[in-house]
Structure formats: structure tokens, C-alpha cells
Amino acid sequence: MMLEVKHLMKSYGKRQIVKDVSFTINKGESFGLLGPNGAGKSTLISTICGLISYDQGEVYVNNQSIKKFPLVIKQKIGIVPQEIALYPTMSAKDNLMFWGKMYGLKGAKASKRVNEVLEFVDLKDRAKDRIETFSGGMKRRINIGAALMHEPEILIMDEPTVGIDPQSRNHILETVKKLNESGKTIIYTSHYMEEVEYLCDRIGIIDNGEVIALGTQKELCNRLAGGSVVHLDVENKTEQGIDSINEIKNVKHIVSKQNETKLEIYVNEAHETMGEIVTTAVNHGIKVLAVEVQEPNLESLFLQLTGRTLRD
Amino acid sequence: MKFFTIAFKDLKVRLSDKKGFISLLLMPIILTAILGSALSGMFADTVSMPHTELGIVLHDQNEITDQFVEEVLQGDILSESITLKKFSSQSDLKIDIENQTVDLGLVIPKGWGEGLQNGEEKDVMVFTDPSKQLQSSIVESITMSFIDRIASISTATQVFSQELAMIAPVTDQEINVREIVGDVSNQLVAVADSEMNVVTAEEDGKTPISGMQYYAAAMGAMFVLFNATIGAKSIIQERNIETLARLMSSPVRLNSIIIGKFLGTFYVSFLQFSVFILATHYLLGVGWGSNLFQTLVIGLSYCIAVSGIAMIIAGLIVEEKTADTVGGIGVQIFALLGGSMIPIGAFPEKLQLVANIAPNKWFLDSLLEVMNGTTWGALVLPITVLLLIGVASLMIGSLRLRVR
């Protein structure tokens with residue numbers, strides 16, 4: 001086990017930011033922390049990497065407590081902060097060299113590593129340019145590079161794609177994928193569901209400082225009551241017709257708002273049941289204008305668990 | 001030794017802001033040149049005193065008295081500033097002072113010149129119009145300076161003649177002791193008659209400070225103090241862009257980060273101070289005193305104080321803009337209080353006492369002392385005060401430092 005978080009708690013005054021959080025991450029695993037802004041992801045990350053102290057609980061890396069061996073554990077972790085934590089008036093090369101030195105790299109070894117990292121983040125040709133002259137995406141890549149200088153065992157990335165163009169975002173996602181494939185343990189926080197779905201083996205959904213769901217993507221989606229949602233655009237909807245649809249096998253729940261022409265039907269095995277739903281509706285005089293099937297995903301799970309969307 | 005890496009990085013970051021650094025170097029040099037030239041009259045030894053109508057009653061007729069009147073009071077240096085009016089009696093002189101036809105009066109008692117030659121000092125009376133205190137002080141200072149010189153010569157002559165008298169019996173040659181003593185005395189009188197230091201005559205015979213020297217030290221003190229704000233802003237910036245948090249997440253001890261940031265401000269301050277000294281010396285001809293080591297030690301102590309203050313500002317202030325405003329105003333107040341704008345001697349006594357809280361006051365005073373020529377003993381207090389300010393500020397600032 002690479003990382004173990006046990007009953008972690010952190011408060012600022014009376015406000016509890018992290019509430020009894022526990023999870024484990026195995027070596028080489030890619031773990032995603034998904035949650036809306038303000039959910040407590042960054043605080044949780046900051047406690048794990050030893051930046052801020054925690055009130056209760058414990059964090060272990062390779063079975064060593066971060067409270068007891070902070071410097072040893074910090075050496076094993078590479079942190080990619082949400083902000084571009086680089087010196088804007090220094091060159092990319094000087095920034096990488098500085099951060100390398102902070103992790104104990106020296107001389108020729110440090111220089112060699114700077115070149116390797118620059119190549120890895122595809123910015124070797126901009127090595128001598130000041131960070132302030134870089135685009136948002138380039139800055140993000142150097143920000144990741146600085147965390148890779150000392151070849152950490154665990155890479156913690158706190159929303160590394162915030163505020164950048166889709167092309168740079170893809171580049172960063174591919175970089176993370178590559179790092180994970182090379183055996184690096186990754187903790188990736190984001191409020192972008194698709195990023196976490198793409199990158200992570202296991203996912204923890206966090207809201208109000210609590211991990212409200214934890215598991216693989218499949219496990220989480222299976223937890224959805226009535227996995228899929230069938231959206232019907234209708235005319236002449238009747239109470240009798242809605243009751244008849246509700247009696248169909250696999251249909252779990254129907255949301256029908258007054259004065260609206262839409263029906264949201266929560267259903268298992270949506271594709272197999274869809275025909276019966278439409279037939280029943282038509283037989284009861286309901287005119288079906290459009291049908292849309294929404295497959296189960298983390299967004300719908302989050303919605304079901306919290307009543308809010310991830311980007312609320 | 002990661003703190004050296006952090007400090008060196010800070011120096012590099014500061015030097016990369018060429019515009020800011022050059023202005024911090026150029027501004028004090030330009031201001032020194034302007035203020036030093038424009039206000040040199042307040043300091044230079046060629047300054048003229050306000051025109052003075054001086055009444056004099058001479059109860060004494062003697063070579064020394066004549067020399068004082070003709071060659072000092074009416075000599076080349078003072079003849080344009082002093083118009084001498086002779087009175088036959090003290091009462092006539094007093095009447096003219098009351099009528100304000102003369103500014104002040106001197107009464108030379110009988111036997112004054114001879115008395116000085118024999119080492120017996122007789123008091124010279126000075127009558128003053130209360131509104132002419134400055135002229136009165138200057139004339140008193142000139143008179144005392146003349147008396148001191150003649151008294152010294154008299155003592156030297158007496159010692160010389162006594163020594164000579166003791167040697168004479170064992171020599172074969174005839175020696176005209178009286179003639180030799182007279183010659184020596186005349187030579188020494190010529191020395192006494194040499195150019196006098198009019199306004200800045202120092203009791204201990206030190207070299208007076210020129211306007212250029214004063215303002216070089218004053219501007220140096222003020223502009224090095226700006227590093228307290230700049231150093232604090234550097235820490236606040238690091239907090240804002242989260243490099244400080246990133247540093248805290250790395251395997252570097254907190255005290256290494258604090259010392260690194262402290263040293264970063266120190267490097268920049270000391271570099272600025274050193275370049276400023278060289279530039280003012282070679283470009284403006286400023287003399288920083290004969291003991292460069294004293295200047296450097298005082299500079300080091302001041303830079304430590306400034307770096308400490310940077311830490312305390314960073315510990316107490318969160319916003320960069322607030323640090324800018326508070327720091328800017330603080331430096332101006334300290335500069336004024338510490339004598340960087342107007343010599344502190346011009347302030348009321350109470351304000352001079354309050355000025356002791358300003359580190360630049362201690363620094364400026366010490367630099368002026370070093371320029372004048374001083375002992376290490378005289379520098380112990382200012383060096384201790386500056387080091388204490390630095391260490392105490394560093395400690396308080398460290399306790400208050402927040403990563404985010």
C-alpha cells in the first residue's frame with residue numbers, strides 16, 4: 001500500500017473542512033478525487049503532502065507517518081499545485097533547477113534531470129525563456145515538470161488543467177496517462193468528471209469535506225438507483241399514462257413536472273425497455289416528440305447523492 | 001544549506017527586474033548629487049556667516065590682541081561678514097547694542113593677550129542682541145578657537161623653553177634661549193593664524209562633513225531601507241503565487257525557508273549599499289572615511305536590520321498593495337525622522353529622542369562618525385542596536401509568517 005489516509009479531520013475555527021476521510025491508494029494506481037469547487041479537495045491534498053497540519057487521523061506513505069517523518073515523506077511526493085507556483089521572471093530551466101535543488105539534486109545530475117524534464121513536457125526549445133512569456137498551457141506543463149524533477153514515487157496533482165485551452169489540456173492529460181503507465185502513483189483532483197473518468201482507476205467523490213462515494217467508475221455507476229435516464233419530449237401527457245409507464249418492469253422512478261412537456265424516466269436496462277415505454281405512452285394518447293437516453297455517469301451519481309451538479 | 005539556494009534565487013529574481021534594481025541604484029546617486037550640491041552651504045567649511053556689525057572695546061594693547069583683531073576678525077575669511085566698530089567704553093557699546101546699531105559686542109580686558117601667552121586666561125565679555133544668537137555663537141566660537149590655539153602654543157613654548165634650559169648646561173655652544181623661544185613662538189603663532197574653520201569647527205578637531213558626504217550617507221540609508229518593503233513584498237508575492245506553499249511542501253525545513261528569505265533581502269541590500277558606496281566615491285568624489293572596514297561593518301549591521309524589518313512587514317501584512325503603501329509611508333517617515341532629508345540636529349530635542357527608533361538614524365550617525373574618523377568603541381552601540389533590531393524583527397516576523 002502506497003498511501004493510507006485514516007480518519008483525517010481538519011477544521012478552521014468552527015468550520016470543519018475535512019470530515020473523517022479515509023481511503024487507501026496502491027502503488028502504481030491512479031486515484032481521482034472528484035468534487036465541486038470548495039468541496040475540500042485542496043485542503044485534503046495539502047494535509048496529505050504535509051503542507052498543513054491536521055487535527056485528527058493519520059496519513060501514511062509506505063507505512064511511515066507524515067507527522068513523524070515529514071521530510072522523508074515529502075521527498076517521496078511531487079506536488080503540482082493548482083496555481084502556477086513558479087517564479088515568473090526566471091527561465092523555465094532556472095525554475096526547474098531551483099525546484100530540483102530544493103529536493104536535493106545537485107550539479108551534473110540536476111542539469112541532466114532538467115533536460116529530461118524539459119523534453120518530457122515538450123518545452124526544451126523554450127528552456128531559456130522566462131516563465132512570464134509562456135502561454136497558460138506551457139506554464140502548466142512546467143508546473144508539472146517542477147514536481148517531476150526529483151522523480152517522486154507519488155505525484156499529487158491539484159486541478160492541473162484549470163484555465164487552459166483544450167489542446168493544452170489534452171497534452172497534460174496524455175502526460176499524466178504516460179506517467180501512470182510508467183508506474184507512477186497518481187492522485188488527481190478535479191471537478192471535471194471526464195478527466196477523472198479518463199485518467200483514474202479508482203475515484204473518490206468528495207463533497208463538503210466528506211468522501212461520499214469511493215470505488216472504480218463501474219462500481220460507482222452501478223450504485224445509481226435506476227442507472228440510466230430516458231428523457232421523453234411529449235404532448236398531451238396524462239396521469240393515467242404516467243402511472244402505466246411507472247408499472248413497466250425496470251422503470252424505477254418518473255419525474256414529471258406540471259406545465260412541462262418533459263418526462264424523466266429512471267430505468268435499468270434503458271435500451272431494452274425504451275420500446276415498451278414509448279408504446280405504453282402512445283397507447284395512452286401521449287404524443288412522443290423526442291426520446292433521449294442518458295447513460296449512467298459520475299455526474300448523475302453526484303447529482304443523485306447531493307442534489308447538485310459538479311459545477312454548481 | 002538550502003537557505004543559500006533560496007537566498008541566491010531571491011537575488012537572481014531581484015536582479016532580473018533590471019528596471020527596478022537600476023532605479024534603486026541610480027535614484028540615490030542622482031539625489032545625492034542634487035542635494036549634496038544644492039545644500040552644500042549648510043555643511044561646507046567655506047560658508048559665510050550672516051553679516052554682523054561687531055562692536056569691540058579694547059582695554060588691551062598687545063601683539064596677540066592685535067593679531068586677533070586684525071588677522072582673525074578682520075582677516076580674509078571674516079572681513080566680508082564682520083564690520084568692526086571700535087568703542088572706547090563698555091557703556092557706549094551697550095547703548096549701540098540697545099539701539100541695534102551693532103549686533104553684538106566684545107570687550108577685551110586689560111592684559112588679555114599677555115595673559116594668553118603666559119597661560120593665564122582672562123575672560124572676554126560678549127554682549128548680544130537677543131535676536132542675534134547665531135552671530136553671537138559664531139563669534140564666541142571663533143574667539144574660543146583662537147584662545148585654545150594660543151593657549152596650546154603658549155604651553156608648547158613653555159615646555160620647549162624648560163626642556164631647552166635643562167639641555168643648555170651640558171652643551172658647549174652658547175645658546176640664545178630667549179631668541180629661540182621667540183622664534184618658535186612666532187612660528188606657532190603663524191600656525192594659530194592659519195585658516196580657521198568657521199561654522200563647523202569641531203571641538204575634537206575632526207574634519208567637517210561636506211554636504212555631498214552627508215547626503216550620500218543619508219540617501220544610502222534611505223534607499224537601503226526601501227529593501228524592507230521590497231523584501232516583504234517578495235515574501236507576500238511568493239505567498240500569493242503559492243511558491244511559498246510549494247517550498248513548504250518540499251523537504252526543506254521551515255527555518256531554512258525563513259533564513260533563506262531573510263538572506264535574500266540581505267544580499268540585495270548589501271549589494272545595493274556596496275555599489276552605492278563605490279559609485280558615489282568614484283562618480284561624486286564622496287569620502288567614506290579612512291576606515292573602509294568600519295563602513296562595511298556598519299553597512300552589514302544595517303542590512304541585517306533592514307532584512308529583519310522585511311520579515312516583520314511580511315509577517316504582519318497580507319496584501320502586496322498594503323505592504324507597498326505601509327512600507328512606502330514608513331520609509332518616508334523613518335527617512336525624515338532619521339535625518340535622511342534634513343539633518344537631525346535641526347529637530348526639536350524631543351523629536352531627536354524619538355528618532356532613536358529609526359534604524360536609519362543609527363546607520364546615518366555611524367556613517368558620519370566613520371567619515372569623520374572614529375574609534376570602534378564609538379560604533380559598538382549603533383552596531384548593537386542595528387543587530388538587535390534585525391534579530392528581534394526576524395524572530396517576530398518568523399512567528400507571524402503564514403504560508404497562505
Side-chain angles (χ1 to χ4, degrees), chain A residues 12 42-43 45-53 61 66 69-91 93-106 110 130-133 139 142-144 146-147 149-150 152 154-156 158-159, chain B residues 1-24 230-231 233-261 263-265 267-268 314 318-320 399-404:
Chain A
Y12 287 119
S42 294
T43 308
I45 290 298
S46 299
T47 52
I48 292 172
C49 67
L51 176 60
I52 54 176
S53 61
V61 173
I66 194 158
F69 307 98
L71 296 185
V72 176
I73 288 175
K74 281 176 179 179
Q75 184 70 40
K76 290 177 181 173
I77 296 174
I79 175 101
V80 181
Q82 197 171 338
E83 302 291 325
I84 307 291
L86 300 167
Y87 299 100
T89 57
M90 277 166 57
S91 70
K93 192 177 174 181
D94 286 348
N95 263 286
L96 292 179
M97 184 62 92
F98 174 75
W99 290 110
K101 283 179 180 173
M102 288 302 101
Y103 283 86
L105 294 180
K106 283 177 195 165
R130 287 178 172 212
I131 293 294
E132 64 189 359
T133 65
K139 286 177 187 172
I142 294 292
N143 206 29
I144 295 171
M149 275 299 292
H150 62 292
I154 304 173
L155 186 65
I156 300 178
D158 190 7
E159 307 232 17
Chain B
M1 296 299 182
K2 284 175 183 167
F3 54 83
F4 281 127
T5 312
I6 295 170
F8 186 68
K9 179 268 301 165
D10 270 10
L11 179 65
K12 210 168 179 177
V13 167
R14 281 288 303 280
L15 291 179
S16 67
D17 178 15
K18 289 188 180 68
K19 214 169 141 190
F21 194 69
I22 287 172
S23 69
L24 261 181
I230 297 165
K233 271 174 64 187
S234 141
I235 298 170
I236 296 167
Q237 268 168 7
E238 285 223 35
R239 191 156 55 208
N240 290 344
I241 63 170
E242 299 242 332
T243 44
L244 199 56
R246 192 170 208 164
L247 270 174
M248 292 288 289
S249 308
S250 67
V252 183
R253 290 180 196 280
L254 177 63
N255 51 11
S256 284
I257 297 172
I258 288 168
I259 292 170
K261 294 306 294 177
L263 273 182
T265 309
Y267 282 176
V268 177
V318 179
E319 294 295 327
E320 215 177 308
L399 292 173
R400 299 273 315 174
L401 191 69
R402 278 158 294 178
V403 179
R404 275 177 170 158

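Sequence lines set the chain letters: A, B, ... in the order given, protein chains first and strands last, and positions in each chain run from 1.
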J.: If every non-hydrogen atom of B:I241 is compared with every non-hydrogen atom of A:E83, which pair is closest and at what distance?
T.: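 That would be O-CB, 4.0 Å.
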J.: For the candidates B:V13, B:N240, B:T243, B:I6, which exhibits the highest count of non-hydrogen atom pairs separated by less than 4.5 Å from chain A?
T.: B:T243
J.: Sort A:I84 into side chain, backbone, both or neither according to what part of it lies under 4.5 angstrom from a heavy atom of chain B.
T.: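 A:I84 touches chain B through backbone heavy atoms alone.
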J.: Applying side-chain contact (heavy atoms from CB on, under 4.5 Å) to A:M102 and B:K2, what does each step give before you reach the verdict?
T.: CA-CA 7 Å; A:M102 288 302 101; B:K2 284 175 183 167; 4.2 Å; yes
J.: Which bit of B:Q237 comes within less than 4.5 Å of chain A, counting heavy atoms only: side chain, backbone, both or neither?
T.: neither
J.: Nearest 0.5 Å, what's the CD-CD distance between B:E242 and A:Q82?
T.: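 Reported to 0.5 Å precision, the distance equals 8.0 Å.
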J.: Counting only heavy atoms closer than 4.5 Å, note whether A:N95 contacts chain B via side chain, backbone, both or neither.
T.: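 Neither part; nothing is under 4.5 Å.
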J.: Between A:M90 and chain B, with a heavy-atom cut-off of 4.5 Å, which part of the residue counts as in contact: side chain, backbone, both or neither?
T.: side chain
J.: How would you list, by chain and number, every residue that makes a side chain to side chain donor-acceptor pair (under 3.5 Å) with A:E159, sequence neighbours excluded?
T.: A:K41, A:H191
J.: Which bit of A:L86 is near chain B, if near means a heavy-atom gap under 4.5 Å: side chain, backbone, both or neither?
T.: both
J.: Considering only heavy atoms from C-beta outward, does the side chain of B:D10 approach that of A:Y87 to under 4.5 Å?
T.: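 No. Closest side-chain heavy atoms not under 4.5 Å.
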J.: What donor-acceptor contacts under 3.5 angstrom involve side-chain atoms of residues 248-258 of chain B, with partners at least two apart or in another chain?
T.:
residue, atom, partner, partner atom, Å
B:S249, OG, B:A245, O, 2.9
B:S250, OG, B:L247, O, 2.5

J.: Taking CD in B:E319 as the centre, count heavy atoms belonging to other residues, nucleotides or ligands within less than 6.0 Å. Is the count above 12?
T.: no
J.: I need the minimum non-hydrogen distance between A:A146 and B:R246, along with the two atoms involved.
T.: CB-NH2, 3.4 Å
J.: Side chain, backbone, both or neither: which part of A:P70 has an atom under 4.5 Å from a heavy atom of chain B?
T.: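 Looking at A:P70, nothing touches chain B.
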